[in-house]
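Both counts, for ligands and for their atoms, begin at 1 and track the order of listing.
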Amino acid sequence: MSALLEVRHVTRRFAGLVAVHDVSFALAPGEILGLIGPNGAGKTTLISLISGTLEPSEGEVLFDGQAITRLPAFRRARLGIGRTFQIMRPFPGLSVLDNVAIGALFGHRGGQAQLARARAQARECLDFVGLGGFADQRADELGGPGRKRLELAKALAMKPRLLLCDEVMAGLNHVEIEEVIAVIRKVREQGIAVLVIEHVIKAIRSLSDRLLVLHHGELIADGTPEKVLADATVVQAYLGARRTR
Ligand SMILES: Nc1ncnc2c1ncn2[C@@H]1O[C@H](COP(=O)(O)OP(=O)(O)O)[C@@H](O)[C@H]1O
Ligand SMILES: [Mg+2]
């Protein structure tokens, strides 16, 4: 099967710092790919290079065989790349529903005329992530777990073929984590590919078809979760210090 996403030799520098260094990987349609690594490893930067909020210093990003390396984020959203943000920024004065409707409008052409349709689509997405009962609340009244789901609903409202999740389980308890895992599985059942950044190893192990490990901006492993989590280099770089989890 041909790749949905291809990242080819991508490097991103910030002044003197190399946040992502010569990273290459591919993602198949409908695949769930996990991405782990210590804080500062370059995970969020890599997602931003794919979604278009950042451009690489070197290398290429291809979606569906088309180079998207220099396309702005809204164009990539329209091609089918949706993302969540690690640092959640809901529009505080707006309802939960309208926060998601904005995601729907961002992902499609049509603007204001499409607002009613966007709201209908937003309602579907809220039901999908289990926030249906909160649609008319103000977004800033949601607690942490609700905001994580809101991020997911916003990204899903863009009708993505690839969903990029940046730590959507951070700060959640075991029950909430299981619920988010179930939502991501449902997303995949719809044929949507998912790239998941996560620190909760148990969650990433059970979710991922394949696992990537970033360390100091370099890809140090790419394989099945079983193989990668047993890899001596990975254990030393990342898992060793996390044994207690
Ligand atoms: N906009 C930026 N400007 C300067 N440095 C950045 C910027 N974004 C990220 N970095 C740096 O790049 C490195 C990787 O960051 P990040 O991608 O956020 O890592 P992770 O998500 O794996 O924790 C870190 O050293 C971080 O400080
Ligand atoms: Mg991050």
*asked:* Which of the numbered atoms in ligand 1 are under 4.0 angstrom from any heavy atom belonging to N39?
replied: 23 (O)
*Number the atoms of ligand 1 from 1 as they appear, then name those within less than 4.0 Å of a heavy atom of A41, with their elements.*
19 (O), 20 (P), 22 (O)
_Test of understanding: given a 4.0 Å heavy-atom threshold, classify the contact between L17 and ligand 1 as side chain, backbone, both, or neither._
side chain
*Does even one non-hydrogen atom of G37 get within less than 4.0 Å of ligand 1?*
no
_Out of the candidates I184, L27, L163, only one should pair with I32 under the side-chain contact (heavy atoms from CB on, under 4.5 Å) rule; please name it._
I184
*asked:* Are more than 12 heavy atoms, taken from residues, nucleotides or ligands other than F91, located less than 6.0 Å from that residue's CZ atom?
replied: no
*For atom 18 (O) of ligand 1, what's the nearest protein heavy atom and its distance?*
T44 CB, 3.8 Å
*Return the set of protein N, O or S atoms whose distance to the Mg ion (ligand 2) is under 2.8 Å, each given as residue and atom.*
T44 OG1, Q86 OE1
*Any ion pair linking K43 and D166 (charged N to carboxylate O, less than 4.0 Å)?*
no
*asked:* If you take the nearest heavy atom of each of G40, S48, A19, which one is closest to atom 24 (C) of ligand 1?
replied: G40
_M158 versus A77, closest heavy-atom pair with distance_ = SD-CB, 4.0 Å
*So, are E58 and R12 salt-bridged, with charged N and O less than 4.0 Å apart?*
no
_Closer than 3.5 angstrom, by distance alone: can the side chain of R13 be matched with the main-chain N or O of V18 as a donor-acceptor pair?_
no
*salt bridge (charged side-chain N to carboxylate O under 4.0 Å, His left out) partners for R70, two or more places apart*: E55
*Kindly state if atom 27 (O) of ligand 1 has a protein heavy atom within a strict 4.0 Å cut-off, that is, under 4.0 Å?*
no
_Protein contact of atom 9 (C) of ligand 1 - nearest heavy atom, named by residue and atom, plus distance_ = F14 CE1, 3.5 Å
*asked:* Would you say that more than 12 heavy atoms from the other residues, nucleotides or ligands in this model lie under 6.0 Å from the NZ of K186, or not?
replied: yes
_Check R147 with D140, please: is the shortest side-chain N to carboxylate O separation under 4.0 Å?_
no
*atom 16 (P) of ligand 1: nearest protein contact (heavy atom, Å)*: T45 OG1, 3.7 Å
*With only distance considered, is G42 within less than 3.5 Å of ligand 1 through an N or O on each side?*
yes
*asked:* What I want to find out is whether K154 reaches E151 closely enough, with some N-O distance under 4.0 Å, to be called a salt bridge.
replied: yes
*Does the side chain of H199 pick up a donor-acceptor pair with the side chain of E167 at under 3.5 Å?*
yes
